[in-house]
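The sequence lines fix the lettering, A, B, ..., with proteins before strands; numbering per chain opens at 1.
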Protein chains: 2
Amino acid sequence: MATIKDVAKQAGVSVATVSRVLNSNGYVNEDTKKKVEEAIDRLNYKPNAVARSLYKKTSKTIGLMVPDIVNPFFPELARAVEDTAHKLGYNVVFCNTDENVEKEEHYLEILLQKYVDGLIVASNTLTAEKVRQLNIPVVSIDRKINADIPTVVVKNKSGARKATGFLLEMGCKRIAHLSGPEHIDNAMERRTGYLEEVGSEPWFDSSYIEDGNYDMKTAINATLQLLGRHPEIDGIFAGNDVMAIGAIKAAHKFGKKVPEDLAIIGFDGISLAEATTPELTTVGQPIYDMGTIVADLLVKLIEKKAVENTFFEFDVELIERESTRKV
Amino acid sequence: MATIKDVAKQAGVSVATVSRVLNSNGYVNEDTKKKVEEAIDRLNYKPNAVARSLYKKTSKTIGLMVPDIVNPFFPELARAVEDTAHKLGYNVVFCNTDENVEKEEHYLEILLQKYVDGLIVASNTLTAEKVRQLNIPVVSIDRKINADIPTVVVKNKSGARKATGFLLEMGCKRIAHLSGPEHIDNAMERRTGYLEEVGSEPWFDSSYIEDGNYDMKTAINATLQLLGRHPEIDGIFAGNDVMAIGAIKAAHKFGKKVPEDLAIIGFDGISLAEATTPELTTVGQPIYDMGTIVADLLVKLIEKKAVENTFFEFDVELIERESTRKV
DNA sequence: TTGAAAGCGATACCAC
DNA sequence: GTGGTATCGCTTTCAA
């Protein structure tokens, strides 16, 4: 590969001049500029990004840390992040943390050593203190870490109220909730939304809530428990779509028809939700838009551009499909 | 951040010595080693990976280029790749090419400038010639580019025969095929497998094949076409799971019960296939294993370690679930 | 408007 | 065993 020296030699100028035309900064005569550009073409010269990084202490790459890219929420997010990063001239290296602190810290260390310019994280193990120590911009997605850290989330509580309220409208009399893990803030917000909607109904008690761990297998069992305990349940609000799909499966096993006997609503709006039968009614997050916004925000922070806002709380939208019925 | 110079000063030695203990190569006295290590701890020194890259011309990062991470086949693959890369000390930067040549070439250029050590690609636009010019190891996944390029794929043809043969065993008399795009080799192999199984049946003609473009929406329409043309169809082999899910939906629309009236089988074994009702019978690829193998292979190639094999053709496995029935 | 030279932070060769 | 220093390829003062 040709280097800047080769180009300089070809063009009969110094490397400084080549650098100037490369970065179009500083004065350079039109003719010499032309000469340099010809040399660049002739040699098919591409500047070495690593050398550049070393000097500038930036790498034009950002890190994306998610618990698990296989979790259907994240591919779409990752896609949006990568799309806009690419558009803005950044590459993205992605990391699966499995919500494991050691793994996360290991990644952080490596990424810092590589001069990544910023980080997008979906994590509940990361603390504000650690983020500060990184000394690079960090944006949190899907979860709130701390008020000091720029964040992109959705209105989980009001979304949960929408979901539960919709079930009520549909005529459901006993609505159960499949909850996400207690250590994930958005799960707790969704649970709170559910409680605000039905927590003071005369029939309600906490045995209408079961932990489904945001995952399908657990949700199947949890739903079976729920249905065994309370056969009168006629509506389930699941804290995410994956659990809602589990609930549909469990309902079938249990001999309940969805939506006739049991209405089910999810949360997230992942594309999986359209693959089920019946198709899942859900509270949809604008996942792609959120990915676009985080990436945009992060790059602005990196490039020290003005940002009008460092906290984005997106509205969610009820998407009515087949798993809930009008009575 | 502390540099190697700071450490040298702290320890009262030269940077050369620090470098030696860092890389544990060359002779270094036990005591001075201890001194250096103490200095490293005290300063919380982490070597600068960029500087190292510049000198060594490698970056300990690999590129992963896929058409679209949102396509449910790829997250699991990406996960496997990232897992094993990480285990082996590499980061992975991921790129979505949308099967677009310009985008692909743009990525290649950038990645080269950043000294990525190797590439894993799922592409049908990349040519052997271009790969050669890159001058870094490249491994092809899911698609065959060229015999010279290390490749990890599955036995598409025999998998397709398994699928079609299974439908025959189940008692299907008229089996249609939803095919993937013509420019994707694995799609053509799967079609060939189907043809070998039923192409010479007296009833067969090419109107039993419809292009579903590996995508759900197209597959729904294609299935509707198929069913309209040939109401006698009682089995469908879809070239991938996403299309099979589309076929299930179309069947419902058309008023056919799956599997009673119509058996449907897919290909891939993505986790989506377990979310449907009925759950999808499919020909499963060992996606995670394939990802592990490609990453392993690529790293071996990068590190110029001996590889016994540069072509892996995995067996596929028929996973019988609910969308096909025993008559 | 251009060039020489000092970094950026490591590695590795060559002396001693 | 250890240190001095050229080198990796680029950017950016500082002079001319």
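The side chain of A16(A) lies closest to dG3(C), out of dG9(C), dG3(C), dG3(D). Taking only side-chain atoms of N29(A), from C-beta outward, the nucleotide of dG9(D), dC10(D), dT1(C) with the closest atom is dT1(C). Distance from the side chain of R52(A) is smallest for dT11(D) among the nucleotides dT11(D), dG9(D), dT2(C). Of the candidate nucleotides dC10(D), dT2(D), dT7(D), dC10(D) has the atom lying nearest to any side-chain atom of P47(A).
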R79(A)/D98(B) under salt bridge (Lys or Arg N to Asp or Glu O under 4.0 Å): CA gap, chis, key distance, verdict: CA-CA 11 Å; R79(A) 173 73 213 231; D98(B) 291 323; 2.8 Å; yes
Quick one, R20(B) with E37(B), criterion salt bridge (Lys or Arg N to Asp or Glu O under 4.0 Å). Give me CA distance, side-chain angles, the key distance, then yes/no. CA-CA 11 Å; R20(B) 277 187 205 103; E37(B) 278 164 348; over 6 Å; no
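Taking atom CG of N48(A) as the reference point, atom P of dC8(D) lies 12 Å away to the nearest angstrom. As rounded to whole Å, 9 Å separates atom C1' of dC8(D) from atom CG of L54(A). L43(B) has its CG atom 12 Å from the P atom of dA10(C), to the nearest Å. When the P atom of dG9(C) is taken as reference, atom NZ of K56(A) falls 15 Å away, rounded to whole Å. Atom P of nucleotide dC13(C) and atom CG of N23(B) are separated by 12 Å, given to the nearest angstrom. Atom-to-atom, CD1 of I40(B) to P of dA10(C) comes out at 10 Å; the value is rounded to the nearest Å. Counting to the nearest Å, the P atom of dA6(C) and the NZ atom of K5(B) are 12 Å from each other. Here the P atom of nucleotide dC14(C) and the CZ atom of R20(B) are 13 Å apart, to the nearest Å.
Across all strands, K33(A) comes closer than 4.0 Å to no nucleic acid atom at all (heavy-atom distances). Using a 4.0 Å heavy-atom cutoff across all strands shown, V13(B) reaches sugar-phosphate atoms only and no base atom. In this structure, V15(B) reaches the bases: a heavy-atom distance under 4.0 Å links it to at least one base atom across the strands shown. Across all strands, S53(B) comes closer than 4.0 Å to no nucleic acid atom at all (heavy-atom distances).
Under 4.0 angstrom from either OP1 or OP2 of dA10(C) there lies no side-chain N or O belonging to Y115(A). Under 4.0 angstrom from either OP1 or OP2 of dT2(C) there lies no side-chain N or O belonging to S14(A). For T32(B) and dT2(D), the shortest distance from a side-chain N or O to OP1 or OP2 is below 4.0 Å. Between Y27(B) and the phosphate of dG3(D), there is no side-chain N or O to OP1/OP2 separation shorter than 4.0 Å. At the phosphate of dA10(C), neither OP1 nor OP2 sits under 4.0 Å from any side-chain N or O atom of S19(B).
Note: F94(B) and F94(A) have perpendicular aromatic rings, judged against thresholds of 30 and 60 degrees for the angle between ring planes.
Counted within 6.0 Å of NZ on K33(A), heavy atoms from surrounding residues, nucleotides or ligands total 12 or fewer; the atom is thus considered open. Surrounding NZ of K9(A) are at most 12 heavy atoms belonging to other residues, nucleotides or ligands under 6.0 Å away.
To the nearest 0.5 Å, atoms CG (L22(B)) and OG1 (T17(B)) are separated by 11.5 Å.
Where G12(B) and K57(B) each meet DNA chain D at their nearest nucleotide, the meeting point lying more 5' is that of G12(B). The nearest heavy atom of DNA chain D to M1(A) and to N25(A) marks one nucleotide each, and the one closer to the 5' end goes with M1(A).
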